[in-house]
Enquirer: 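Quick one: structure below, then a few questions.
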Amino acid sequence: MGRLLAWCAALFLMAGTLTTTAAHAEDGYDLWLRYRPLPANIQARDSTRAASIVVAGDGSDPSVAKAAEELERALSGMLGGTVSAGGGVKSGSVVIGTAKDSRVRALALPLAGLGPEGYLIRSATIDGKPVTVVAANSGVGVLYGSFALIQRIQRGQPIDALDIASAPKLKLRLLDHWDNLDRTVERGYAGQSIWDWWKLPDFKDPRYTDYARANASIGINGAVLNNVNAKADSLTAPYIAKAAALADVFRPYGIRVYLSARWSAPIELGHLKTADPLDPSVAAWWKAKADEIYAAIPDFGGFLVKANSEGQPGPQDYHRNHAEGANMLAAAVKPHGGVIIWRAFVYAQENPEDRAKQAYDDFKPLDGKFADNVIVQVKNGAIDFQPREPFHPLFGAMPETPLMMEFQITKEYLGMATHLVYLGPLYEEALQADTWAHGKGSTVAKVIDGSLDHHALTGMAGVANIGTDRDWSGSTFNQANWFVFGRMAWDPEASAKAVAGEWSELTFGPDPRITPTVVAMMTTSREAVVNYMEPLGLAHMMGTGHHYGPAPWVHELARPEWNPVYYHKADASGIGFDRTKTGSNAVAQYAPKLAAMFADPKTTPERNLLWFHHVGWDERMASGKTLWEELVAHYALGVAEVADMHEQWRTLAPLIDRQRYAKTDSFLSIQQREAQWWRDACLAYFASVSGHALPPGEAAPAHSLAEYEAITFPYEPGR
Ligand code: GCU
């Protein structure tokens with residue numbers, strides 16, 4: 001009853017102030033492009049400043065046309081009247097165009113430094129009338145600028161006296177879809193693949209357009225359509241035609257398509273006897289294949305390749321190295337302006353070396369050996385998208401080679417669809433990590449934006465979290481991870497917290513009663529998941545195959561590095577992976593300054609401690625607690641942080657539309673239960689290994705270790 005009263009009171013309150021929320025049933029389909037009516041006072045203010053849309057040129061640029069369409073849709077939705085494109089310049093017009101258009105040229109705007117994709121938004125005067133100009137060197141730049149203007153209005157920010165210039169710092173801003181041709185999505189938790197291959201190329205689902213709009217609104221300019229664990233079929237004529245149909249939809253939005261290429265395709269499709277990159281018939285096959293693709297998709301981006309990793313074929317099968325493989329493909333796409341994105345996520349069954357060292361060992365000696373249209377794609381950490389990893393040692397170690405960041409947006413190791421984990425802080429931590437490659441300030445962000453070693457080819461890829469679920473990403477808050485990925489690919493220096501605020505305003509409305517709470521939840525959420533899953537530098541303790549719940553006890557899998565015990569190495573004496581000289585010496589892969597820091601447990605940041613060191617259970621931590629007590633405290637904190645997030649969400653009940661409120665509320669209940677499960681199962685196991693009892697006042701796990709060990713998930717999603 002009390003809750004009902006609160007609802008009614010809030011609705012009453014809002015009727016006088018905001019019309020943004022509560023009245024609409026919302027299923028999340030609109031993402032951050034909601035364009036709901038703004039509060040009346042903002043509508044009154046902005047209607048005179050965004051009163052009509054004028055396309056400066058002849059209207060023939062398809063991207064400018066999309067920009068005009070988006071502005072019509074957004075302004076009409078938000079400002080409470082019909083705002084249309086067409087007609088002459090009036091007071092309050094939004095004038096959009098490229099440097100080619102005489103009206104834009106006449107304004108003599110400083111567009112030169114903005115590059116092909118940057119934009120400028122300026123309050124100006126045309127024929128004595130106050131207008132807002134969105135100008136760029138290309139139609140896509142105009143589209144990006146139009147989205148930026150729309151988002152300002154959406155967030156209730158003033159649009160008079162504007163002088164905004166922005167250009168992307170990275171060239172390739174890509175989503176990697178791990179989508180299979182049967183519409184399953186590897187590590188996807190938001191339904192099936194949105195690519196309906198069966199009905200393509202004829203039927204172009206309108207969803208493809210909304211996908212492109214969403215990506216363009218955050219500056220994403222490429223999509224790798226198929227799984228890195230690729231099937232050769234993607235390279236056959238029928239599938240090229242399907243990819244071409246998608247490319248046609250995406251083109252006006254500035255999005256190019258890329259394909260994951262299966263290394264052995266010349267054998268599987270071309271009936272060659274080999275896929276040896278130095279065999280001329282293999283090179284000729286790829287050249288012909290590239291020509292065929294470019295005939296259908298003239299702006300095809302290029303190939304992404306996972307080679308010699310996790311059972312995938314690759315050049316090493318023929319005793320050739322990764323550079324020899326990449327360069328052969330690079331020659332095939334080069335005449336068409338394509339690139340090869342070669343993944344550094346490699347580790348091999350036969351290699352007994354610390355898995356965290358293998359990519360560096362393989363790639364570092366190849367620095368400078370890659371063709372100029374190859375970029376090496378490196379995961380943020382050396383293992384695999386764990387809740388926390390130190391930055392990958394390859395960043396800063398290959399000055400002669402363009403390196404591209406690979407983040408995971410889908411939450412394979414972070415609670416899949418249901419756990420609320422905002423990845424902005426994880427991305428920011430990786431990007432702001434200092435490699436010390438050229439002394440202090442040699443951050444990972446500067447490695448990948450090319451400024452540290454003067455590379456023009458730059459990029460960031462995110463493994464997509466998109467599927468056929470109505471809300472695209474499996475939960476409202478997962479949408480924020482897609483959003484922040486786009487923002488950080490545009491500007492790797494972006495602040496995770498600022499982006500969270502921006503996303504909240506676009507997603508829930510610019511309501512000062514909502515934003516600070518949502519931002520607080522989001523910014524705590526990453527540390528919470530680290531605490532309840534893998535605190536103090538632990539990693540890879542999840543269950544086999546599904547990667548969902550805790551399973552630190554697993555030790556019997558065929559490959560050593562598939563077993564959680566390989567990573568935590570807990571025994572009666574202590575816990576953690578010794579990566580110093582007395583162990584695998586992985587620390588030596590970092591710049592000397594960092595190597596020295598990581599070599600000593602006293603100078604290793606506590607958050608990475610057990611990544612680099614095997615530490616005795618009774619050793620004292622900075623807090624004065626023993627390691628065992630500290631570990632227990634972190635698990636407890638993680639559980640408490642989730643409870644707190646849930647409490648905070650509940651205070652928003654009167655302010656958020658029912659459907660999205662209820663889904664998040666229910667997901668937070670799942671997360672609370674599962675944070676407890678992680679804590680209980682891990683502590684039950686570590687107590688048994690260490691022989692330590694839980695400190696006084698700490699609740700015993702709800703079940704026995706054997707019961708936790710018996711939990712299985714035969715039908716989990718994402719495979
Ligand atoms: C992880 C993930 C796999 C994926 C691989 C990759 O290991 O579990 O599903 O194929 O990363 O990035 O290639």
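Just follow the structure's listing: the first ligand is 1, and inside any ligand the first atom is 1.
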Enquirer: Check this for me, if you would: do Arg355 and Glu561 make a salt bridge, where the nitrogen-to-carboxylate-oxygen distance has to be below 4.0 angstrom?
Expert: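 Looking at Glu561 together with Arg355, the answer is no, because their closest N to O distance does not fall below 4.0 Å.
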Enquirer: Closest heavy-atom contact between Trp503 and Gln479?
Expert: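 The pair with the smallest heavy-atom distance is NE1-C, 3.9 Å.
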Enquirer: Compile the protein residues with any heavy atom at a distance under 4.0 Å from an atom of ligand 1; present them by chain, then by number.
Expert: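 Ligand 1 is contacted, at a heavy-atom distance under 4.0 Å, by Trp178, Glu186, Arg187, Val228, Asn229, Lys306, Glu310, Arg343, Phe345, Lys379, Asp384, Glu412, Tyr413, His547.
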Enquirer: How are the rings of Trp178 and Phe385 set to each other: parallel, tilted or perpendicular (split at 30° and 60°)?
Expert: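 The rings of Trp178 and Phe385 sit tilted, inter-plane angle from 30° to 60°.
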Enquirer: Hey, can you tell me if Trp342 and Trp263 have their rings parallel, tilted or perpendicular (30° and 60° cut-offs)?
Expert: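 The rings of Trp342 and Trp263 stand perpendicular, inter-plane angle above 60°.
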Enquirer: Charged N to carboxylate O under 4.0 angstrom, Glu527 versus Arg388?
Expert: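 Looking at Glu527 and Arg388, the cut-off is met.
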Enquirer: Does Arg526 pair with Glu429 as a salt bridge, N-O distance under 4.0 Å?
Expert: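 Looking at Glu429 together with Arg526, the answer is yes, because their closest N to O distance falls below 4.0 Å.
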